[in-house]
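What follows is a single structure, written as structure tokens, with notes after it.
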Amino acid sequence: MQFYNTFSKSKEVFEPVNPPNVTFYVCGPTIYDYFHIGNARSFIMADILRRYLEFKGYHVKYVMNLTDVDDRIIKKSIDEKKPSGEISNFYAEAFFEDIKSLKVKPATVYPKATQHIDDMIKLIQELEDKEIAYNVDGNVFYNVSKFNDYGKLSGKNLEELSAGARVEINEIKKNPLDFALWKKAKEGEPSWNSPWGKGRPGWHIECSAMSSKHLGDTIDIHAGGNDLIFPHHENEIAQSEGAHNHKFVKYWIHFGFLNINEEKMSKSLGNFLTAREILKKYTAESIRLFFAQTYYGGPLNFSFDLLKAAEKGSEKIFNLAAIIETEIKKDNNVGISPEFDIKYYYDEFEKVMDDDLNTPQAVAIIFDFIRNANKVIADYDNINVSFFHDLKKFLKDTAQSILGILDFEKLGLKESSGLDDKLIEILLSLRIKLKKEKNFFLADQIRDDLNKLGIVLKDTKEGTTYKIR
RNA sequence: GGCGCUGUACCCAAGUGGCUUAAGGGGAAGGUCUGCAAAACCUUUAUUCGUCGGUUCGAAUCCGACCGGCGCCUCCA
């Protein structure tokens, strides 16, 4: 297995520090608003990587932080005249709901910044003791000139950064590139006691403190969006490696942006759609397929046309799954067992996923599998149920458990015994009578009218089936 | 200006030296099946991979130049 490591700018063979354990840290959301569909891309691709590592037999400890102390939360709390804790709790709940709707597997731990203030203070103190950090009147800054490797992740150096410095002029900093570890309290802001007086932590310090607390000194994988490379991840390295003399992260993995109209989707540009809105019209599986069809590291343009194309693809996958479930229920033990090399598909799937998580290829292999399976089903009448069990296992292992682009549990729920179902059944049996009497006009009208209500009928040899769109 | 990503069919998108005269999805056209639909299957839709040179027996893939898109360098997944 190999991944593109932002640090070395090349693909590297994946060898965790302490196999079969893998420590995996992902920069999570700042909980001041609903997250948008671009954020969802990172969460979903990280989720797929995590699930694949588990498929490969690793024990993954997956940590995603929640930033609950931050300028934007404070701003919102002032605007809405609510305590900042209320804002962050509300959006933390929303975050968990949305992530669940997207079928993202829960992290092992979701540490919150405000629950780790002591750890951050301890880390800042270590940096101060080493004279890497300095205190100016209750504000503590990181002195970037004290860390020789500063810029090693983002490929920058101090001279270039200073030359093009667009950094906020701040008289109290020694160097404009120095960044805040601890911010002196201002009136009305949340604050904590510290050796430097009342204040709150800077943004970067939480990830350094929480990752080492939950995952140890050197973590295997640290992932996040491309925009975090600099300054956030660069500063995390400076903090963690400055304080302790050990490598902070072995593999840095970064996700490409979701663009809209060829421009980065972001809160500050205002050109975003929340995941929550999209989920009202599209299934998690369609959304995940949309993302999985592109390499995680590159840009991806968002449009509803593209999402609809993915939705069609998703239907194709579910259609086969529905046939499989129907056949499994029939439980035919006497039919033939067609030639079908399931192992080939497993091998190919693993081969491409091993190569830097090539989900577009993996999806292509699944579609190949589906086409060939459908062909066999069309060619033979009397197929042994074991064939369908094999098909189901493959799709469940790959499309469902790893990519999350299929859900067998969504099928077969049609016997919900609701009144609606019973009414539909009455219409269907009426329609069958009409068809026998060759009254196709009325039979078609029933089908069209139901279709307008989102109920799609399908006539097969075995009878009429329906699904709710 | 520095750093990084990127330019493949109507759209999206894999492929980074011979297995590929280029996967997969969507769209479009024709066909099989069906009372008709739907689903499914079959066929067609790039002799060509931004442009121009070069290396090589052989290049979408390596090298050079040029043209274009995006991002980071300031909060952002």
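Just so it is clear: chains get the letters A, B, ... in the order the sequence lines come, proteins before strands, and each one is counted from 1.
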Review point. Among side-chain atoms of A:Y91 and A:D68, is any donor-acceptor pair under 3.5 angstrom?
Key: no

Between [atom2] of [N] and [atom1] of [X], the distance in whole Å:
{"X": "A:F440", "N": "B:G35", "atom1": "CZ", "atom2": "P", "result": "7 Å"}
{"X": "A:L320", "N": "B:G25", "atom1": "CG", "atom2": "P", "result": "13 Å"}
{"X": "A:K264", "N": "B:U74", "atom1": "NZ", "atom2": "C1'", "result": "11 Å"}
{"X": "A:N175", "N": "B:U74", "atom1": "CG", "atom2": "P", "result": "12 Å"}
{"X": "A:Q293", "N": "B:G15", "atom1": "CD", "atom2": "C1'", "result": "16 Å"}
{"X": "A:K152", "N": "B:C73", "atom1": "NZ", "atom2": "P", "result": "21 Å"}
{"X": "A:I405", "N": "B:G24", "atom1": "CD1", "atom2": "C1'", "result": "11 Å"}
{"X": "A:L228", "N": "B:G71", "atom1": "CG", "atom2": "C1'", "result": "13 Å"}

What class does the angle between the rings of [X] and [Y] fall in, given that below 30° is parallel, 30 to 60° is tilted and above 60° is perpendicular?
{"X": "A:W252", "Y": "A:H233", "value": "tilted"}
{"X": "A:H232", "Y": "A:H204", "value": "tilted"}
{"X": "A:F55", "Y": "A:Y52", "value": "parallel"}
{"X": "A:F147", "Y": "A:Y142", "value": "perpendicular"}

Check your understanding: Base, sugar-phosphate alone, or nothing: which one does A:D368 contact when heavy atoms must sit under 4.0 Å apart?
Key -> sugar-phosphate

Review point. What does A:I229 touch in the nucleic acid at a heavy-atom separation under 4.0 angstrom: a base, only the sugar-phosphate, or nothing?
Key: nothing

Review point. Where does RNA chain B pair, written as one dot-bracket string 5' to 3', with Watson-Crick or G-U pairs under 3.5 Å, ( ) inside the strand, [ ] for crossing pairs and | for another strand?
Key: ((((((((.[[[..)..(.....]]]((((((.......))))))....[[[[[..)....]]]]])))))))....

Review point. Among residues 302-310 of chain A, which residues get a heavy atom nearer than 4.0 Å to RNA chain B?
Key: A:L306, A:A309

Exercise for review: Under the ring-ring contact (aromatic ring centres under 6.0 Å, His included) rule, collect the residues that match up with A:F24, sequence neighbours excluded.
Suggested key: A:Y62

Review point. Taking for each residue the nucleotide of RNA chain B with the nearest heavy atom, is it A:E263 or A:G313 whose nucleotide lies nearer the 5' end?
Key: A:G313

Exercise for review: By nearest nucleotide on RNA chain B, pick out whichever of A:L300 and A:F441 is the more 5' one.
Suggested key: A:L300

**Study point:** Side-chain-base donor-acceptor pair under 3.5 Å for A:N358 and B:G15
**Key:** no

Contacts table for residues 373-381 of chain A: side-chain donor-acceptor under 3.5 angstrom, sequence neighbours left out:
unit_1: A:N374; atom_1: ND2; unit_2: A:I370; atom_2: O; d: 3.3

Does NZ or CZ of [X] fall inside the cone over [Y]'s six-membered ring, less than 6.0 Å from its centre and within 45° of the axis?
{"X": "A:K11", "Y": "A:Y4", "result": "no"}
{"X": "A:K435", "Y": "A:F440", "result": "no"}
{"X": "A:K174", "Y": "A:F141", "result": "no"}

Check your understanding: Which of the following nucleotides, B:A13, B:G71, B:G24, is nearest to the side chain of A:T294?
Key -> B:A13

Exercise for review: In sequence, state the C-alpha distance, the side-chain angles, and the governing distance for A:Q2 and A:D354, and then conclude on side chain to side chain donor-acceptor pair (under 3.5 Å).
Suggested key: CA-CA 6 Å; A:Q2 58 173 0; A:D354 276 351; over 6 Å; no

Practice item. Summarise protein proximity over nucleotides 2-8 of chain B in one line of letters, 5' to 3': B for base, S for sugar-phosphate only, - for none, counting protein heavy atoms closer than 4.0 Å. Key: BSSS---

Just the table, please: protein N/O against nucleotides 37-46 of chain B N/O, every pair under 3.5 Å.
unit_1: B:A37; atom_1: N6; unit_2: A:D459; atom_2: O; d: 2.9
unit_1: B:A37; atom_1: N1; unit_2: A:D459; atom_2: N; d: 2.9
unit_1: B:A37; atom_1: N3; unit_2: A:R447; atom_2: NH1; d: 2.9
unit_1: B:A39; atom_1: O3'; unit_2: A:N319; atom_2: ND2; d: 3.1
unit_1: B:A40; atom_1: O3'; unit_2: A:N374; atom_2: ND2; d: 3.1
unit_1: B:C41; atom_1: OP1; unit_2: A:N374; atom_2: ND2; d: 3.4
unit_1: B:C42; atom_1: OP1; unit_2: A:K375; atom_2: NZ; d: 3.0

Practice item. Could you work out the separation of B:C5 and B:G17 based on their C1' atoms and round it to a whole Å? Key: 23 Å

Review point. Taking the six-membered ring for Trp, is the centroid-to-centroid distance between A:F340 and A:F394 below 6.0 Å?
Key: no

Exercise for review: Evaluate the criterion side-chain contact (heavy atoms from CB on, under 4.5 Å) for residue pair A:L428 and A:Y466; output intermediate values, then yes/no.
Suggested key: CA-CA 9 Å; A:L428 290 191; A:Y466 70 96; 3.7 Å; yes

